[in-house]
Each structure stands twice: as C-alpha cells, then as structure tokens.
Amino acid sequence: MSEKIQAIRGMHDILPDQTPSWQGVEQSFRQVLAAYGYQEIRLPIVEKTELFKRSIGEVTDIVEKEMYTFDDRNGDSLTLRPEGTAGCLRACLEHGLLHQPSQRLWYMGPMFRHERPQKGRYRQFQQMGVEAYGMEGPAIDAELILLTRRLWKTLGIAHKLELQINSLGTLEERLVYREKLVEYFRAHVDALDDDSKRRLETNPLRILDSKNPNLAEVVQGAPSLAEYLGEESRNHFQALTSSLDNAALAYTVNPRLVRGLDYYCRTVFEWVTTELGAQGTVCAGGRYDGLIAQLGGKPSHAIGFALGVERLIDLLDNPARFDEAVCPHAYFIRVGSEAEGSGALLAEQLRDALPNLRLVVHCDGGSFKSQFKRADKSGAGLALILGEDEVRDSAIGIKNLRKDGEQFTLKQSELIPYLQSLL
C-alpha cells in the first residue's frame with residue numbers, strides 16, 4: 001500500500017466543522033468594511049520577487065529568511081506573497097486607481113512565510129487587510145483604528161484586546177534617531193544577542209521590538225524616538241490621540257512599537273492580547289507614505305493594517321454561534337422508489353421558490369429510522385418526510401427535530417408557504 005501524502009508542515013486544512021467560524025469572521029469583516037465604504041480588491045498570490053525586496057526591504061527577516069521564492073520556466077524570480085500591502089499598491093499603480101483623490105480598499109486571502117510553525121504562526125496563514133490611499137491627515141488613521149474596534153465588538157472579543165500606538169515620524173526624523181540608537185546600542189553591544197547584533201548594522205529599530213527578555217533592560221534604556229519628532233509629526237500624533245479620546249477608545253502609547261517592515265512612517269498601531277501566548281499581536285498596521293514613490297508612483301499618502309484570521313478565531317468565546325448560519329433548515333427523507341423520484345422534483349421546486357432555503361436531500365436509500373438518524377446528525381431543524389402514502393396523497397410529513405412535538409402532515413401545495421413562514 002502506498003504511503004499516505006500529508007499536508008506540508010505549517011500549512012493546514014480547514015475542515016467542514018471549522019469553516020462556519022471562518023465564514024462568520026469573514027462575513028463580519030465584509031459587513032464592517034461595507035459600513036465604512038471600503039471596496040474589495042482581489043490580488044494574485046504570486047508576485048515578482050523584486051516587489052517585496054523594494055517594499056519590505058532586503059535586510060528584513062521576511063526577505064532574507066522567510067519568503068517562498070523560486071525561478072519560473074522563463075527564469076523570472078517569483079515569490080508567494082508574504083504580506084498584502086505591496087501587492088495591493090502594485091495593483092493600484094498598474095491600473096491607475098490612485099488617480100482618484102482617495103481610495104479605500106480591502107482584501108482577504110492566504111499569505112506565505114517559511115518560519116517555525118507554532119500556535120498562531122503558520123507557513124500558510126490567512127490575512128484580511130485594509131489599505132487607504134490619498135489622505136494625509138490623522139482622520140483616516142483614527143478611522144482605521146475605530147473600524148477595527150467595531151470589528152472586535154461585532155465578534156464579541158473587544159474585551160480581550162488592547163490597542164498600542166506610536167509615531168515613527170518621517171524618514172528624515174528616523175534617520176537622525178537611527179544614528180543615536182546605533183550609538184547607544186554599540187555602547188552596550190556586549191548585552192545584545194546575536195540577532196540584535198546583526199540588526200544593529202541593518203535595521204537597528206527592530207532591536208526595540210526584541211522578544212528576548214534578557215534584552216529588556218538595555219532596550220528600556222535606549223533613547224526614545226519621540227524626542228526626535230518634528231512639530232508636524234507631533235501634531236499629527238496628538239490629533240490622532242485626541243480623536244481616540246473623543247471616541248472613548250482606550251490605548252497605550254508604546255514608544256518601543258516600531259513594526260517589522262521598512263516602509264512604515266508616522267502612525268503605527270497594534271491590537272494585542274494576552275490570551276494567545278507568545279503570538280500576542282492580532283492586528284497591526286500604520287502609515288507608509290513613502291512606499292508609493294518607492295514603487296514608482298507619484299508621492300502620496302497611504303495607511304493600512306492586516307489581521308490574522310487564525311488568531312481571531314482562537315479568540316472567539318463561542319465559535320459554535322456561527323454554525324446556525326450554515327446548518328440545513330430541513331432534511332428531506334425519502335423512502336421508496338416513487339418517493340425518490342417525485343421527491344427530487346419537489347426539492348427543486350422548493351429551491352426555486354425559496355432561494356434562501358438550505359435543504360439537504362437524502363440520497364443513500366435506507367429505512368425511515370436510518371434516515372432520521374442522518375437528519376438529526378445533520379443539524380437540520382426540520383425533517384421533511386415522503387413515503388408511499390405521502391406520494392399517493394400529494395402530502396408531505398413534517399417533524400421538528402429540535403423541539404418536542406408530534407409529526408404532522410401538510411398538502412404539498414401548502415409546503416412552500418409553511419417553510420416561507422419559518423425563514
């Protein structure tokens with residue numbers, strides 16, 4: 001016997017009993033985004049490798065260690081997308097979407113990073129992302145943060161999440177700060193781990209985001225970026241915090257919050273939780289005003305965020321609450337050859353008349369008893385019953401599977417109005 005082929009490590013199947021939770025989260029996301037006027041964009045999974053090198057930065061962990069990159073048959077270097085922002089911006093530039101004064105977009109789908117799989121961190125993971133272009137002021141920063149809060153409320157997980165915010169200032173301000181930061185860490189180089197020593201030469205701001213507890217003291221003593229922000233950056237951040245205060249949204253200003261990608265500037269934010277162990281960041285984003293020009297477009301303003309669907313689902317108190325939206329309304333039991341024939345026609349008539357009806361028709365034969373067992377296991381609310389007697393009388397039996405009550409019979413002509421009253 002051949003050995004069974006299993007899924008690739010870190011890439012998981014989402015099984016039928018799990019998909020209602022996914023569909024519920026996705027539908028909630030769609031509803032909230034529609035309420036704020038965002039439109040969906042669907043993007044390729046594979047992009048040119050150069051796109052991510054130019055946007056994310058060649059000296060980041062993602063580009064250096066984690067991307068799934070390969071040469072295609074034409075010799076072009078291609079990469080499975082590790083994140084969505086670069087591809088979304090590439091599409092907007094390619095199709096002229098940024099010619100409009102402003103643009104609000106969202107996307108959903110799998111991303112790929114080759115890292116050590118653990119709970120909440122997978123090699124293929126599902127992200128939902130939002131990007132907004134062309135808006136300079138802090139109002140759009142506040143809108144995105146308020147939008148995420150509304151999503152947490154919709155999912156019933158707002159009490160499990162805490163908002164952290166920071167300002168990274170402009171590129172020019174960060175370059176001045178970078179020099180001071182490098183100077184500080186070089187004076188404490190003996191206290192750094194190997195990863196931080198490497199970052200000292202490539203991306204020193206990432207040392208501030210180190211999860212190594214042995215570095216906590218030296219990181220705490222590092223100079224703060226806030227000390228190097230110009231007046232415009234400070235005003236922008238103050239206006240954002242005022243908007244959040246007015247909306248009664250609690251937050252923590254975290255001066256060590258820097259995010260992992262090179263393209264961020266000014267506002268950055270993360271929603272974090274203590275309920276998922278080491279993978280505490282559920283949603284993260286910020287401004288990236290310089291990236292549009294970096295990818296060949298006319299300089300403009302941009303902000304966005306991405307959230308991990310797996311981590312959201314892990315936070316749900318009652319994932320089963322989404323099951324009701326996909327369970328069948330009715331299970332159609334048919335016994336006998338005549339019932340199978342006329343029942344197939346009746347089922348299609350019901351679907352024609354009631355497009356929202358979720359109806360499972362039993363197709364495996366068997367006795368009434370065995371079919372009732374299947375009906376109960378399906379989660380359906382009703383059993384529709386068709387046997388020889390019902391065929392002869394143009395009738396249909398009905399049994400409520402979730403409440404006590406006697407089985408009763410209706411004329412088949414009465415079935416559609418009866419089901420309509422229940423939907």
Side-chain angles (χ1 to χ4, degrees), residues 20-41 84-85 88 102-109 120 125-135 137-166 236-237 239-254 257 259 266-276 279-288 301-322 324-325:
S21 297
W22 285 76
Q23 292 168 353
V25 168
E26 291 165 359
Q27 183 59 26
S28 297
F29 188 74
R30 288 188 175 95
Q31 290 173 348
V32 170
L33 267 294
Y36 283 77
Y38 286 73
Q39 296 179 298
E40 183 182 8
I41 184 170
T85 295
C88 185
S102 62
Q103 191 74 255
R104 289 174 165 91
L105 302 171
W106 68 268
Y107 49 84
M108 182 188 307
F125 55 98
Q126 300 290 319
Q127 269 192 356
M128 298 172 179
V130 172
E131 315 290 349
Y133 303 112
M135 290 165 272
I140 188 63
D141 306 27
E143 177 179 281
L144 287 193
I145 293 173
L146 293 170
L147 184 158
T148 54
R149 179 178 68 169
R150 187 168 300 278
L151 178 60
W152 312 150
K153 288 181 175 180
T154 301
L155 295 174
I157 60 174
H159 61 290
K160 298 182 178 183
L161 291 161
E162 174 194 346
L163 175 64
Q164 296 184 357
I165 60 174
N166 192 24
H236 186 104
F237 192 62
L240 169 63
T241 57
S242 295
S243 295
L244 300 182
D245 291 338
N246 291 336
L249 198 166
Y251 58 86
T252 300
V253 177
N254 178 0
L257 177 59
R259 303 294 302 128
R266 288 197 173 159
T267 302
V268 289
F269 65 91
E270 290 186 357
W271 287 93
V272 299
T273 183
T274 59
E275 301 204 8
L276 298 178
Q279 305 307 317
T281 301
V282 173
C283 170
R287 277 199 167 267
Y288 52 97
H301 306 283
I303 184 171
F305 69 80
L307 56 87
V309 181
E310 289 90 347
R311 296 181 191 178
L312 276 190
I313 290 174
D314 285 341
L315 285 177
L316 295 176
D317 283 325
N318 181 26
R321 71 188 177 97
F322 294 114
E324 185 177 342

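One is the number of the first residue; the rest follow in order along the sequence. Here the structure is a predicted model, which is why all the values come from computation and not from measurement.
Side-chain contact between W271 and R149 is present, with heavy atoms from C-beta onward closer than 4.5 Å. Side-chain contact between I140 and R287: present, with at least one pair of heavy atoms (C-beta onward) separated by less than 4.5 Å. Looking only at side-chain heavy atoms (C-beta outward), Y38 and L147 come within less than 4.5 Å of each other. Between D141 and F269 the shortest side-chain heavy-atom distance does not fall below 4.5 Å. With a 4.5 Å cut-off on side-chain heavy atoms, L151 and L307 count as touching.
Shown are E40, E131, Q127; of these, the side chain to side chain donor-acceptor pair (under 3.5 Å) with Y107 is made only by E131. When each of R150, R104, E143 is tested with Y36 by the rule side chain to side chain donor-acceptor pair (under 3.5 Å), just one qualifies, namely R150.
From T85, atom OG1 reaches atom CZ of F305 across 10.5 Å, with rounding to the nearest 0.5 Å. To the nearest 0.5 Å, the span separating CG on N166 from OG1 on T252 amounts to 11.5 Å. In this structure, I303 CD1 and L144 CG are separated by 5.0 Å, a value rounded to the nearest 0.5 Å. Annotation: the span from M135 atom CE to H301 atom NE2 amounts to 10.5 Å, rounded to 0.5 Å. Note that the CG atom of L249 and the OG1 atom of T148 stand 7.5 Å from one another [nearest 0.5 Å].
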Let me check something: any side-chain donor-acceptor pairs from residues 20-27 under 3.5 Å, sequence neighbours excluded? List them with distances.
none

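Applying the ring-ring contact (aromatic ring centres under 6.0 Å, His included) test to F29 and every residue at least two apart in sequence or in another chain returns W106.
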For the pair V282 and I157, evaluate side chain to side chain contact (heavy atoms under 4.5 Å, CB included) and give the outcome as yes or no after the intermediate values. CA-CA 11 Å; V282 173; I157 60 174; 5.8 Å; no

